[in-house]
Amino acid sequence: MKKWFWFFVLAATVAQAQTYTVQTVPDTKRVDNSYVSNPDNLITAETTSQLNQQLAALEQQTMAQVAVVLLTSIGTETDVDFAQSLFRLWGIGNSGNDNGLLILYVEDQRVIRFHTGYGLEGILPDVICKRIQTQLMVPRFREGNTDAGILAGVEEVIRIISNPEYAGEVAADKSSARSAMEWFVLIFMIGWAVILAIVFLANLSDGFSNSKHVSKRVPSASLSIGQWLLLVFLLPMALAYLLSTTGSWLLLAGGLYLYFDMLVLAKYNRIINRAHAWLSNGKLSVAQDFMKEHNVWDEWSLLFPLPFIFLGGRYRKLMAGLRTRPKQCKKCSRQMTLLRNAAEKDFLTEQQQLEKKIKSITYDVWQCTGCASTLIQKYPSEKKSYESCPKCGTVAYQSTSKILKPATFSETGKRRITSTCKYCAYTAEQESTIRKKEKRQPREPAISIKESIRLSSYDDRSDNSWYDNDNSSGGSWGGGDSGGGGASSRW
Ligand SMILES: [Zn+2]
Ligand SMILES: [Zn+2]
């Protein structure tokens, strides 16, 4: 009889030693607003109600939520995984500030676990949790006094969390901070999209061509539409979104700033490369104008002053040294050096030497340090005071005009134009009439002669294939239109 009795007791105990999953742990907070889930009665009802009173007071005072869960078994699952899953499932602590703590007691594993929410990690770091457990709880559990152990641990936790020093941190509503960041990212994305859409449509209306720049005689440093969308549109947005998930304003602001910094740096790097492309086509003045047009000290430098402190100096140096920047030999890839004037003579024809002397064409002679091959770089003067001689072709043909008879209001005048080649002495004379004077002041020509020459030299695109390529594919890097065309707003 006695034997049977003990068998039933044992069977009842085994039945009671239920294995819980996170889903089967009774969520007492939801059921009767209790902080303690004690389905196996591992602590007394008295202790449970005492804990409930203390924890309710704690939540009222500090907003912190502490759940106490006592289970006989969680099977083979580890306490850490179980606590994490349960914590997430129940959502212990305010969703805004994550100030939750789960105290999990598992009898068969003989384990007590404190699982802290993000908002309490600072106040209850792992070492403190460990100390509370080893000093106040575990010794009592060993004595079989579960109630006393739990009470002592919870009391200490309450004492720490309700410390007025931590009040700010416990109650700090991180949700508002996060939502402010979410707002920022949202506004950033919408604002960015609107600005870029406007720029995009504005560009679309000129068919993404460089027409604006052609009219200004300066090409843009263009990107293709694809590159533009990726670099200026999609990547910053993705970056803003990713960085916002870290929850750190510093990372968000710093990351975006750095990204745009890099973009601006890359833009000026492109401009410098473009200037060199002009230069290697012999268009020194275009290259110089181009660099001036895309002045590095534009609005971007105000937004991103830091790299410009370094970039500005480098840029100015590059501008000054556009012509003398070392070149690479096309044959052997070694460096080429610029020959000094005296050494140049051996490589220039007499005509070229004269052209250089009268400054109608500037020649730079480059010699390879490896294979000694030479490269003659030609920079025609912008002034165009000389033309190409019809006889010998030397750009040393100069015209002077002499007025034979000045024009009056009633009669036309006459002028004689004498042209002479300074190289072969070929001379030609030509007479032309001067129009009658008009009563009304003749209007200023729409473009000056000098400008028309410059225009023609810029419009000569046939030898600038990269320039044409731009027209077909070109979006813009913002083109850095500091001159008022607004390419800098094309980003
Ligand atoms: Zn070489
Ligand atoms: Zn001649």
Side-chain angles (χ1 to χ4, degrees), residues 269 272-287 314 317-404 414-432 449-450 452-457 459-460 462-466:
N269 205 38
I272 288 165
N273 288 339
R274 290 277 154 108
H276 279 288
W278 280 116
L279 201 69
S280 57
N281 284 322
K283 307 213 163 180
L284 177 65
S285 63
V286 184
R314 179 174 164 249
K317 216 168 150 186
L318 269 168
M319 240 177 111
L322 265 183
R323 261 177 70 187
T324 53
R325 190 193 189 195
K327 286 183 195 297
Q328 217 182 25
C329 175
K330 278 186 180 139
K331 284 180 195 153
C332 71
S333 296
R334 299 243 189 107
Q335 221 179 54
M336 301 190 96
T337 50
L338 186 62
L339 293 186
R340 301 209 165 268
N341 283 349
E344 243 175 40
K345 287 199 171 131
D346 299 337
F347 301 97
L348 296 178
T349 63
E350 271 180 44
Q351 279 124 303
Q352 287 171 330
Q353 286 181 44
L354 180 76
E355 284 165 341
K356 187 161 185 177
K357 197 177 152 201
I358 62 173
K359 292 183 178 140
S360 66
I361 297 175
T362 305
Y363 291 96
D364 282 342
V365 181
W366 293 81
Q367 190 164 40
C368 176
T369 52
C371 66
S373 65
T374 52
L375 172 82
I376 296 173
Q377 187 80 61
K378 205 172 154 183
Y379 301 117
S381 165
E382 234 184 88
K383 283 182 188 152
K384 301 272 174 184
S385 39
Y386 293 94
E387 283 170 81
S388 180
C389 167
K391 196 178 164 204
C392 71
T394 312
V395 183
Y397 193 60
Q398 196 175 29
S399 304
T400 50
S401 98
K402 191 182 172 192
I403 292 169
L404 301 174
K414 207 172 250 184
R415 77 154 61 88
R416 183 165 63 210
I417 298 164
T418 313
S419 307
T420 312
C421 174
K422 285 200 173 166
Y423 181 71
C424 70
Y426 169 82
T427 303
E429 268 187 18
Q430 193 188 341
E431 277 185 12
S432 70
I449 290 162
K450 191 181 162 196
S452 73
I453 289 164
R454 281 173 43 137
L455 265 173
S456 68
S457 80
D459 278 342
D460 176 22
S462 54
D463 58 343
N464 291 298
S465 53
W466 61 270

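Atoms within each ligand, like the ligands themselves, are counted from 1 in listed order. Just so you know, residue 1 is the first one in the sequence shown, and it goes up from there.
With the Zn ion (ligand 2) at the apex, C421 SG and C389 SG define an angle of roughly 100° (rounded to 10 degrees). Between SG of C392 and SG of C424, the angle at the Zn ion (ligand 2) works out to 120°, rounded to 10 degrees. The angle that C371 SG and C329 SG make at the Zn ion (ligand 1), rounded to 10°, works out to 110°.
A 4.5 Å side-chain heavy-atom check between C392 and Y426 finds every atom pair outside the cut-off. Looking only at side-chain heavy atoms (C-beta outward), Q352 and F347 stay at 4.5 Å or farther from each other.
Put simply, the side chain of Q351 never gets that close to the backbone of T394: no donor and acceptor are under 3.5 Å apart.
In E431, the CD atom is crowded: over 12 heavy atoms of neighbouring residues, nucleotides or ligands sit closer than 6.0 Å.
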